[in-house]
Amino acid sequence: MRKFSITNAALWGFVVGFVCMAAVIIFTGRARNVPMAGYVIDLLGGAVAGAGSFSLLSWIRNLITRAK
């Protein structure tokens, strides 16, 4: 099996997390009185969480495939 690149997985996770958090913000109808910095922090938080989870999954998969 081919080894996954942790950097590529983190980049994809960053993008997916950003988009998912943007969808949550749009579809939950957050209050308009939230400052713009609050939205930016939420978006970046979702992106970082996505990057961390994707890179962790990639690292675990590489460990499993190397052990076989």
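Just so it is clear, the structure is predicted and the values come from calculations on it, not from any experiment. All heavy atoms count here, side chains included; hydrogens, waters and symmetry mates do not.
- The hydrophobic clustering, which links ILVMFWY residues whose side-chain heavy atoms are closer than 4.5 Å, places Leu63 and Leu56 together.
- Test Val16, Leu43, Val48 against Met21 for side chain to side chain contact (heavy atoms under 4.5 Å, CB included) and you get one pass: Leu43.
- With sequence neighbours excluded, the residues forming a side-chain contact (heavy atoms from CB on, under 4.5 Å) with Ser55 are Ile6, Ala10, listed by chain and number.
- Among Ile41, Asp42, Val40, the single residue meeting the side chain to side chain contact (heavy atoms under 4.5 Å, CB included) criterion with Leu44 is Val40.
- Residues Phe54 and Trp12 come closest through the heavy atom pair CD2-C, 4.1 Å.
- Minimum interatomic distance between Thr28 and Ile25 (heavy atoms only, all atoms of both residues): OG1-O, 3.6 Å.
- Criterion: ILVMFWY side-chain heavy atoms under 4.5 Å apart, direct or through other members. Under it, Trp59 and Ile64 are part of a common hydrophobic cluster.
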